[in-house]
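A note on names: the letters A, B, ... follow the listed sequences, proteins ahead of strands, and every chain is numbered from 1.
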There are 2 protein chains.
Amino acid sequence: MYLKGLRKAPIEPRMPSTNDSLDPVFIMTQISHTAITALRKHIRDGRYQPGEKLREVQVAELLGVSRTPVRLAFRTLEQEGLLERTGKQGYVVREVSADDVLCGVEIRGVLEGLAARRLAERGLSAELKDQLERCVQEGDELINQPQLSQEDIERWGDINARFHALIVNNAGSRAISDAITRNNHLPFASSDSITIDTDHLAQEQRKLQVAQLQHQLVVQALVMGESTRAEMLMREHAYIGLRYGPLFGVPEGMAL
Amino acid sequence: MYLKGLRKAPIEPRMPSTNDSLDPVFIMTQISHTAITALRKHIRDGRYQPGEKLREVQVAELLGVSRTPVRLAFRTLEQEGLLERTGKQGYVVREVSADDVLCGVEIRGVLEGLAARRLAERGLSAELKDQLERCVQEGDELINQPQLSQEDIERWGDINARFHALIVNNAGSRAISDAITRNNHLPFASSDSITIDTDHLAQEQRKLQVAQLQHQLVVQALVMGESTRAEMLMREHAYIGLRYGPLFGVPEGMAL
DNA sequence: GACATCAGTTATGGATCCAAAAATAGGTTT
DNA sequence: AAACCTATTTTTGGATCCATAACTGATGTC
């Protein structure tokens with residue numbers, strides 16, 4: 001409840017930088033940034049349901065901050081497509097249809113495909129070639145064990161993320177990586193949102209093996225400079241997260 | 001100059017809604033929204049050079065608003081890729097390389113191509129088919145006159161925008177139109193930023209005739225349900241704005 | 001002369017304040 | 001009862017305030 005005219009506390013502004021975990025890369029103590037990620041997580045985790053209206057004060061209290069960073073976060077999340085303005089006033093969590101999910105995946109496909117094509121056309125540096133091949137090598141060794149543990153799968157996820165980042169960030173223009181980053185913020189569209197069903201580890205392993213094989217083919221095409229093939233392979237690779245079709249079993253409620 | 005502790009005026013908050021031009025669609029009197037468009041325009045027009053640092057107070061004074069809407073605008077424009085954070089403090093206008101421009105165009109190409117493919121696969125409604133064909137019809141009549149006036153070219157620009165909007169907005173998911181909208185905010189990447197060189201109207205007319213022909217072919221493919229062809233045509237169509245190659249003469253400084 | 005240090009200045013981020021717009025509730029009229 | 005108007009509450013957008021972080025320049029040291 002909003003208590004009129006009540007001050008939150010004797011002010012105590014801006015955290016006194018009690019950073020236990022000093023991030024060597026970038027110390028992002030920005031409250032507004034924290035608010036963005038926290039809110040994003042809340043939405044992903046379903047704390048806020050699609051269609052639900054978000055009130056600034058309420059969210060501010062939940063996150064323990066003032067309204068200012070929340071308002072900034074709302075703007076950012078609107079840009080990202082997680083929130084949406086309704087009529088005159090207020091933001092609601094955007095509803096995501098099955099078609100939206102498919103679209104997000106296809107968008108990632110064409111964008112990463114574009115990145116791969118550009119990369120193949122411009123030629124790989126020796127260093128990049130090395131990194132990509134090491135990526136595939138490591139993934140291969142990991143994935144072809146007789147039985148994968150939960151931890152193995154997570155490690156493969158890291159390798160997967162590295163693989164995609166290598167291609168996207170070396171396509172020669174931030175325009176592409178930006179577009180992909182933005183698209184990845186949409187629910188389910190991200191390449192690292194391959195959900196792991198721990199009840200069917202064998203099936204999951206098979207899926208990852210397919211993905212791994214695709215990585216291998218993409219690198220092959222990239223190294224050979226076969227740009228069209230690289231683009232098509234990368235584009236197809238995007239669909240692996242969807243898990244529809246007979247190969248992996250059709251999940252319920254995914255009538256496309 | 002920023003005068004410390006001086007109030008801007010006897011407050012006088014929020015415009016008293018003196019709307020001369022009542023927009024029937026949506027009355028967007030939001031100052032922050034105005035700030036975004038104004039700032040975007042300033043950047044496009046070169047009022048702020050690439051690499052130039054933007055100070056909140058200075059921009060606020062230029063636009064005649066307080067810092068709050070400017071800060072919101074900075075966030076939005078950062079998301080759009082027009083601004084960029086530098087190190088710890090401050091936003092600068094993002095530098096755009098020739099490669100970035102090309103990338104923006106290619107991104108639009110793959111996204112609009114994707115939209116066209118989806119449209120062709122799902123089939124056009126009778127109404128949409130009609131609208132597209134009328135669009136092509138009007139464009140044809142306009143563009144095939146013996147000599148185009150400046151005004152004619154502008155009218156064709158409107159038709160062009162309508163054509164692209166029809167395809168993008170009917171692809172079945174806002175995810176696509178959102179991605180394209182965001183990409184269009186990048187300088188030169190927008191489909192309606194086909195620059196008109198008034199000194200060479202004949203040459204311009206020829207370019208628009210090519211674009212018009214491409215529109216025609218796209219609609220043909222869409223109506224016939226030839227999804228791959230529609231995608232490819234739409235993708236190629238994106239390059240028309242670049243004007244490189246012998247057909248339209250190679251502009252200087254466009255070493256790709 | 002180059003580099004480190006420290007004080008003064010400026011800019012930014014977060015919090016709060018205030019007025020208007022929107023939503024809500026209650027009462028009145030048709 | 002439905003529609004309409006009005007009074008009240010809620011919520012938002014913009015402006016301002018304040019403390020800290022980042023920048024600047026001057027001074028001192030090697």
- Message: Taking ring-ring contact (aromatic ring centres under 6.0 Å, His included) as the cut-off, I'd like each qualifying pair that reaches into residues 65-107 of chain A, sequence neighbours left out, listed once.
- Response: Phe74(A)-Tyr91(A)
- Item | Partners passing side chain to side chain contact (heavy atoms under 4.5 Å, CB included) against Leu72(A) (at least two apart in sequence or in another chain) | Ser32(A), Leu72(B), Arg75(B)
- Non-neighbouring partners of Asp158(A) that pass side-chain hydrogen bond (donor to acceptor under 3.5 Å, both in side chains), sequence neighbours left out: none
- Which residues satisfy the side chain to side chain contact (heavy atoms under 4.5 Å, CB included) test with Ala38(A), sequence neighbours excluded? Leu63(A)
- Item | Any residue meeting side chain to side chain contact (heavy atoms under 4.5 Å, CB included) with Val168(B), in chain and number order, not counting sequence neighbours | Glu112(B), Ser177(B), Ile180(B)
Please produce a list of atom pairs where a protein N or O lies less than 3.5 Å from an N or O of nucleotides 22-24 of chain D.
{"residue": "dA22(D)", "atom": "O4'", "partner": "Gln89(B)", "partner atom": "NE2", "Å": "3.2"}

- Message: Taking 4.0 Å as the cut-off, does a side-chain nitrogen or oxygen of Arg85(A) come that near to OP1 or OP2 on dG13(D)?
- Response: yes
- Check side-chain hydrogen bond (donor to acceptor under 3.5 Å, both in side chains) between Glu84(A) and all other residues, then give those that pass, not counting sequence neighbours. Arg174(B)
- Would you kindly give the CD-to-P distance between Gln30(B) and dA15(D), to the nearest whole Å? 12 Å
- Message: Using a strict heavy-atom distance below 4.0 Å, which residues from residues 68-78 of chain A are in contact with DNA chain C?
- Response: Thr68(A), Pro69(A)
- Message: Output the rounded distance in Å from OH (Tyr91(A)) to P (dT11(D)).
- Response: 16 Å
- Query: In whole angstrom, what separates Arg67(A)'s CZ from dT10(D)'s P?
  - Reply: 15 Å
- Query: For Arg182(A), which residues count as a salt bridge (Lys or Arg N to Asp or Glu O under 4.0 Å) partner, sequence neighbours excluded?
  - Reply: none
- Message: Tell me the interatomic distance from Glu61(A), atom CD, to dA15(C), atom P, rounded to whole angstroms.
- Response: 13 Å
- Within a strict 4.5 Å, meaning less than it, do heavy atoms of the Arg118(B) and Cys103(A) side chains meet? yes
- What is the distance, rounded to the nearest whole Å, between atom CD1 of Ile31(B) and atom P of dT16(D)? 11 Å
